[in-house]
Every structure is written in C-alpha cells, then in structure tokens.
S.K.: 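Supplied in structure tokens, the structure appears directly below.
As the structure is a prediction and not an experimental result, all values here were calculated from the model.
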Amino acid sequence: MTVYSWAEAHDRPGLLVSVRNSTEAAIALAGRADWIDVKDPQRGALAPPAIRDVRSVVATVDGRAPVSVAAGELLAVDREYLRQLARCDIVLVKLGLAGCTVGQQRWRVAARQLGGQIGTVPVCYADWVRAAAPAPAQVLALAVSRQAPAILIDTYIKDGSSLLDCWPMESLTNFVRAVQQAGIPVVLAGSLGPDTLTRVRRLRPELVGVRGAVCLPVRLDPISADLVANVRDLVQQTSHAEIWGADAEFS
C-alpha cells in the first residue's frame, strides 16, 4: 500500500506512530494508529531497528496497518540490512540524507537492495544545516527524479526543538504545497506536541508522525494507547475549509 492509496481511501490525515518493538506496536494499534513505523529511538532520529524486531512487529500488526521502517542515514546504510528488510512484509523504508549531497547513484544502489516491492522515502530535515544535509529543494528534486512514494519532513537533532522551531510555518507551508503539487505525499514529523500538531494539521499532510507525543513521560519511554487515541483525534480534526498560508521561499 502506498501513502497516497491509503490517504485516498480514508480522505483524512493519518497518524503514524513510531514503535521499537511488537509490544509497542500492539499498544499503538489499540490506540487506533493508522500506520506503524519501526525504529530504535534510543540511537537517533532514524536509527534502524533489529531485523528480529521488524519481523515481530509485522507479525503483531498482521495486516491491520501498513508498516514502514527507519533504515538510518544513506551514507551509513548497511546493504545487507536492506536486503534483509526486503524479505520482511513492509511497505516503505525511510533513509536520511545527513552529511551528504544528493547522490543519485548511492540512492539507486540502496533502492536496488530493497527490490521492487518496498518504496524508498527520502527524509527532508527541517534542521538541514545542522544535519549537513541537502536543502529542501534538492530533496524534492531527488524525490521527483526517483519517483519516491513520499517525503518525510523531520528534525535531525532531537533536543526538544520541534519542526516549527526549525522551519518557519510560512516557508514550511510552501514546501509542503510544492511536494504535493509534484504528486508526492507528505509525512510530517519532528517532536510534534499538541500545540504544533494543531498548527501543522492545517497543511493537510497525508500522514503525521509522532513518538514523543504518545510516550509517558518522554520519547524513550513506552507509548500509551490513550495518548495515541488522543493525538489521532487531534490530527483528524482538520477542517476541509482550512487553506494554505502565504507564499514564501522554501529553499
């Protein structure tokens, strides 16, 4: 299932919850998460989980939601790890671009390890300068050229700064619009709490990704089904009457 096919079927932003194991996956599903993402939050923004945890999560989800996996940064990606992911029943793999220029060849190699059934999603870091990552316009160009199934917008450094602390709302609004006008779904993440969720949901992303917002009390603690349900309700209160903000440069 692609992000667009999910969004078209539901006609509302979906809630993606990042989990680290099958126990958390079950809790997220109990809270009515729409999408399950697997990563190791103790080791970084996109730290890849153990293959055994991916398989365990897939078995627990059992087709009740799409499953994606964080595979780390493109510069450090393990090809054998990607080949093992290709044998798991997942739909998307996320790859960060910290520390590198947008290299088509390196991206093609990584995508080839995953075979043809799993989509490869580039991450656009809101704090791209701190991450030494490509600017948003370059990430969009890569996504268009490689027909990416989505772009994830996230924060690289998890120091309590939210997506909107790193990227002003007007500029972010225009980038999201540019991505969607290019025919690419948007996943918004980045230490989103109740206040920032209320603001970013107006951008009508296909998915909103959270972890810290559904943990008690911080992002490295176990997630809560009640918090998942509360955040999902908040995300899906988006009104169809809400419109884009003012034009601004995003690059």
S.K.: Between R87 and Q84, does a side chain to side chain contact (heavy atoms under 4.5 Å, CB included) hold up when you go through it step by step?
M.R.: CA-CA 5 Å; R87 297 192 288 270; Q84 291 183 51; 3.5 Å; yes

S.K.: Restricting to non-hydrogen atoms, name the atom on R211 and the atom on P41 that form the minimum distance, rounded to 0.1 Å.
M.R.: NE-CG, 3.5 Å

S.K.: Could you give the distance from CD (Q147) to CD1 (I184), rounded to the nearest 0.5 Å?
M.R.: 9.5 Å

S.K.: Hydrophobic clustering (ILVMFWY, side-chain heavy atoms < 4.5 Å, transitive) - are I157 and L75 grouped together?
M.R.: no

S.K.: So does P48 get a backbone contact from the side chain of R43, meaning a donor-acceptor N/O pair under 3.5 Å?
M.R.: yes

S.K.: Would you please say whether a donor-acceptor pair under 3.5 Å links the side chains of D195 and T198?
M.R.: no

S.K.: What do the steps show when you test V187 against V121 for side chain to side chain contact (heavy atoms under 4.5 Å, CB included), and what is the final call?
M.R.: CA-CA 10 Å; V187 184; V121 175; 5.9 Å; no

S.K.: I need the minimum non-hydrogen distance between L140 and F175, along with the two atoms involved.
M.R.: CB-CE1, 4.0 Å

S.K.: For residues W167 and L172, report the shortest heavy-atom separation together with the two atoms involved.
M.R.: NE1-N, 3.4 Å

S.K.: Output the distance between atom CG (L216) and atom OG (S224), rounded to the nearest 0.5 Å.
M.R.: 5.0 Å

S.K.: Find the distance between CG (D40) and CG (D53) and round it off to the nearest 0.5 Å.
M.R.: 8.0 Å

S.K.: Are more than 12 heavy atoms from other residues, nucleotides or ligands located less than 6.0 Å from atom CZ of R79?
M.R.: no

S.K.: Going through the checks in order, is the side chain to side chain contact (heavy atoms under 4.5 Å, CB included) test met by V235 and R12?
M.R.: CA-CA 9 Å; V235 167; R12 52 177 167 74; over 6 Å; no

S.K.: With side chains defined as the heavy atoms from C-beta onward, is the minimum distance between S145 and W107 less than 4.5 Å?
M.R.: no

S.K.: Check for a donor-acceptor pair, side chain of T60 on one end and backbone N or O of S56 on the other, with a separation under 3.5 Å.
M.R.: yes

S.K.: Would you say R64's side chain and V61's backbone share a donor-acceptor pair under 3.5 angstrom?
M.R.: yes

S.K.: Does the pair V123 and Y156 meet the rule for a side chain to side chain contact (heavy atoms under 4.5 Å, CB included), with working shown?
M.R.: CA-CA 9 Å; V123 180; Y156 176 67; over 6 Å; no

S.K.: Enter the distance from I153:CD1 to L163:CG here, rounded to the nearest 0.5 Å.
M.R.: 7.0 Å

S.K.: Closest heavy-atom contact between V57 and A25?
M.R.: CG1-CB, 3.9 Å

S.K.: With rounding to the nearest 0.5 Å, note down the distance linking CD in Q237 to CG in D233.
M.R.: 7.0 Å

S.K.: So, the side chain of E206 versus the backbone of A150: is there a donor-acceptor pair under 3.5 Å, distance only?
M.R.: no

S.K.: Is the side chain of N230 donor-acceptor paired with the backbone N or O of L227 at a distance under 3.5 Å, no angle test?
M.R.: no

S.K.: I'd like to know if K94 pairs up with D37 as an ion pair, taking the criterion as any Lys NZ or Arg NE/NH1/NH2 lying under 4.0 Å from an Asp or Glu carboxylate oxygen.
M.R.: yes

S.K.: Can you establish whether the number of heavy atoms outside E80 located under 6.0 Å from its atom CD is more than 12?
M.R.: yes

S.K.: Return the minimal non-hydrogen interatomic distance between C166 and D127, and the atom names on each side.
M.R.: SG-CB, 4.0 Å

S.K.: Between the side chain of D34 and the main-chain N/O of L15, is any donor-acceptor distance below 3.5 Å?
M.R.: yes

S.K.: Is a side-chain donor-acceptor pair under 3.5 Å present for S68 with W35?
M.R.: yes

S.K.: Say you draw a straight line from CD of Q42 to CZ of R20; how long is it, rounded to the nearest 0.5 Å?
M.R.: 5.5 Å

S.K.: Search all heavy atoms of L203 against all heavy atoms of M169 and return the closest pair with its distance.
M.R.: CD2-CE, 3.8 Å

S.K.: Given 3.5 Å as the limit, does a donor-acceptor pair link the side chain of D154 with the main chain of Y125, or not?
M.R.: no

S.K.: Is it the case that S161 and D159 place a side-chain donor and acceptor less than 3.5 Å from each other?
M.R.: yes

